[in-house]
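Remember, it's a predicted structure, so these values are computed and weren't measured experimentally.
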Amino acid sequence: MKTQLSHLDALEAESIFIMREVAAEFERPVLLFSGGKDSIVMFHLAEKAFWPAKLPFPIMHVDTGHNFTEVIAYRDRRVSETGVRLVVASVQESIDRGRVVEETGPKASRNRLQTTTLLDAIEEHRFDAVFGGGRRDEEKARAKERVYSFRDEFGQWDPKNQRPELWQLYNGRHKKGEHIRVFPLSNWTEMDVWMYIARERIEVPSIYYAHQREVFKRDGMWLAVTPYVTVLPTEAVERRTVRFRTVGDASCTGAVESPAVTIEAIIEEVAASRLTERGATRADDRISEAGMENRKKEGYF
Amino acid sequence: MELLRFATAGSVDDGKSTLIGRLLLDAKQIFEDQLEAVERTSRDRGFDYVNLALLTDGLRAEREQGITIDVAYRYFSTPKRKFIIADTPGHVQYTRNMVTGASTADLALILIDARKGMLEQSRRHAVIASLLRVGHLVVCVNKMDLVDYAVEVFERIKAEFTEFAAKLEFADLTFIPISALDGDNVTERSAKMPWYSGPTLLWHLENVYVGSDRNLIDARFPVQYVVRPMSNEYHDYRGYAGQVAGGIFRPGDEVVVLPSGFRTTVAGIDSASVSLEEAFPPQSVTMRLADEIDISRGDMICRPNNMPTQSQDVEAMICWFSPERTLTARTTLAIKHTSRAARCQVKALRYRLDVNTLSRDESATHLAMNDIGRVSLRTTVPLLYDEYRRNRTTGSFILIDEATNATVGAGMILGAG
């Protein structure tokens with residue numbers, strides 16, 4: 001008789017425990033769903049946690065309007081397959097309503113504007129717990145993030161004022177107007193996520209696999225030619241075989257050159273990679289070393 | 001691949017951050033962009049070597065003070081195991097962080113500076129690891145390069161520590177002489193210490209057996225959430241979701257549901273659409289029972305011939321965390337124990353423990369932040385618990401300030417008193 005769990009089983013058990021705990025102790029949870037691999041794994045875990053019942057909460061897509069069409073198609077397919085309720089929080093609407101001002105210039109990005117859209121949606125729908133796919137291995141500022149991350153009424157995170165988390169006893173008590181971010185994948189690494197996707201045979205959007213695409217080099221990264229970016233005269237557009245390691249706003253998510261067309265090939269590539277996924281593919285994280293710490297304080301994911 | 005969680009503790013300058021940086025680097029978990037950032041910062045700050053400690057300092061607030069102020073979690077893996085490190089700072093005022101890090105750890109790693117030998121802090125770290133029932137302790141005697149790799153220094157520290165640890169409870173105690181800066185005996189055997197024939201630190205972490213630390217005897221299943229799909233396909237499905245906290249459950253087992261005392265049998269154990277033949281800690285499953293019984297969150301499923309204590313009286317060791325208020329007799333708090341929430345009042349503070357000397361101060365009138373002491377509690381509803389030494393899940397609780405909702409204390413149950 002074998003009573004020792006593999007590391008993926010142990011991680012899965014922990015994440016499911018966290019999701020059930022939140023569903024039991026909060027009135028209006030929501031799961032952030034971008035169509036990226038982390039949110040896909042989170043969604044899959046939620047389905048397992050409450051099976052055979054449907055998810056006892058909706059999913060929410062913070063939509064910058066700068067989407068990869070493959071990702072939106074994937075999102076809509078998953079929604080119709082599972083019958084989950086989808087809430088779309090639109091950055092375009094925030095711009096139209098004057099809540100935020102769009103950046104200008106060829107390198108403008110809507111990445112930062114998402115924070116306002118997210119916080120407005122949380123308030124509008126009175127969500128009190130927001131599941132995010134953040135992992136502690138992503139970035140130094142996340143290494144001390146709690147599983148239950150408390151936000152004040154302004155959605156702000158104060159690193160010095162977080163609750164200690166002992167054993168698996170999560171303290172979910174909160175006041176009206178406060179909400180928590182919950183990170184069920186806190187203890188997962190990029191590699192764990194891919195190994196789990198492979199093991200569970202979870203479908204991911206096609207842009208994670210190698211494909212031919214028009215790209216150009218900016219700040220050392222391959223960016224896709226989309227209606228949302230302006231290619232500068234000095235930037236040469238080329239057709240290359242690439243794939244995406246993360247899925248975010250199409251205007252600032254870089255592709256990597258890769259021949260990987262299967263999950264197994266992606267896992268090999270991740271194992272051999274000498275760059276972090278954010279270092280390799282996210283222009284938004286290159287702002288500064290303390291960039292993430294600042295944005296988290298403002299209420300970013 | 002298995003999972004091993006370990007906590008590290010050390011004093012300010014004993015090289016803990018360097019050691020963790022070294023483990024991550026040698027396990028190839030440091031990426032080029034991270035290493036470049038550290039090389040750049042090392043140059044900017046005038047170090048003439050790459051300061052690996054910079055790999056792990058997190059928040060700017062800490063970088064400015066040059067210390068770490070909270071538990072940070074790090075990850076690395078080898079083909080054998082995935083490791084989760086709870087990296088806790090060692091200052092006196094951060095006992096709270098060490099307790100937090102140790103609460104989920106299978107193993108604790110304590111660093112001692114070979115030049116300084118055992119300090120008060122080393123003793124405190126060992127006591128906390130023992131209190132939190134971290135069964136496996138590794139003592140790394142670091143900076144061996146600064147004492148000419150002398151076997152006498154290592155043996156002296158080992159003897160002193162062993163004598164102290166005899167008063168504590170560890171399943172195993174391992175000593176390793178290392179130099180984190182140069183990597184000696186961290187992942188590679190050191191040629192400079194031929195007198196040492198034991199394992200390298202990484203080999204030990206990869207091979208130490210922790211499988212027997214879980215309680216597979218006392219079947220305990222705290223009900224976390226009731227699954228009722230009420231769909232056409234699963235019209236009558238009613239499942240009790242939770243994480244197995246002890247023992248092994250199988251379909252057909254006779255079980256009793258507490259606190260009601262109703263008896264029934266396990267009809268099935270589901271992990272999503274897969275039916276399991278057995279469930280053991282720490283699996284998250286959904287249990288179906290043969291009879292329809294009224295069961296809700298906070299109830300516990302166990303075996304009729306092996307039940308936890310059901311009592312409103314709890315004797316426990318408490319570590320107090322609050323900077324704002326103290327714990328005294330009559331303090332009223334919220335308590336969370338497994339999936340059960342209640343309120344409690346401190347009936348008596350029995351003593352405050354001096355974690356450096358293990359002496360008990362029975363004249364103590366309060367516990368302040370980072371104090372550890374024994375208390376007697378009375379809860380508003382009975383808790384279903386075991387001694388912490390038998391079960392870390394059903395034997396632990398947290399205390400919550402009802403006004404601020406802050407977590408102000410952690411408790412380890414000794415019994416019903």
In terms of heavy-atom pairs under 4.5 Å, which option from B/Arg81, B/Met230, B/Gln283, B/His337 contacts chain A the most? B/Gln283
Side chain from CB out, backbone as N, CA, C, O: work out which of these in B/Ser273 comes under 4.5 Å of a heavy atom of chain A, or both, or neither. both
Max heavy-atom pairs within cutoff under 4.5 Å with chain A, candidates B/Arg297, B/Arg5, B/Glu2, B/Arg392, goes to B/Arg297
Quick one: what part of B/Arg214 sits under 4.5 Å from any heavy atom of chain A, side chain, backbone, both or neither? side chain
Check whether the side chains of A/Ser149 and A/Arg151 place a donor and an acceptor atom closer than 3.5 Å, and report yes or no. yes
Where on B/Ile398 is there a heavy atom nearer than 4.5 Å to chain A: the side chain, the backbone, both, or neither? both
Engaged part of B/Leu132 at the chain A interface, taking heavy atoms whose separation is under 4.5 Å: side chain
Identify which part of B/Ala241 has an atom lying under 4.5 Å from any heavy atom of chain A, answering side chain, backbone, both or neither. both
Structural part of B/Tyr73 lying under 4.5 Å from a heavy atom of chain A: both
Using non-hydrogen atoms only, which part of B/Lys82 is less than 4.5 Å away from chain A: side chain, backbone, both, or neither? side chain
Counting heavy-atom pairs under 4.5 angstrom with chain B, the leader among A/Glu12, A/Lys54, A/Glu14 is A/Glu14
Between the side chains of A/Arg181 and A/Glu145, is the shortest nitrogen-to-carboxylate-oxygen separation below 4.0 Å, so that they form an ion pair? no
Under the side chain to side chain donor-acceptor pair (under 3.5 Å) definition, can you give me all pairs with a residue in residues 227-248 of chain B, not counting sequence neighbours? A/Gln168-B/Gln243, B/Tyr237-B/Asp270
Can you list the residues that meet the salt bridge (Lys or Arg N to Asp or Glu O under 4.0 Å) rule with A/Asp9, with sequence neighbours excluded? A/Arg199
Ring centers of A/Phe131, A/Phe26 separated by less than 6.0 Å: no
Donor-acceptor under 3.5 Å (A/Arg243 side chain, A/Ala260 main chain): no
Relative to chain A, which segment of B/Val285 carries a heavy atom at a distance below 4.5 Å: side chain, backbone, both, or neither? backbone
Between A/Phe127 and A/Phe57, does the ring centroid distance fall short of 6.0 Å? no
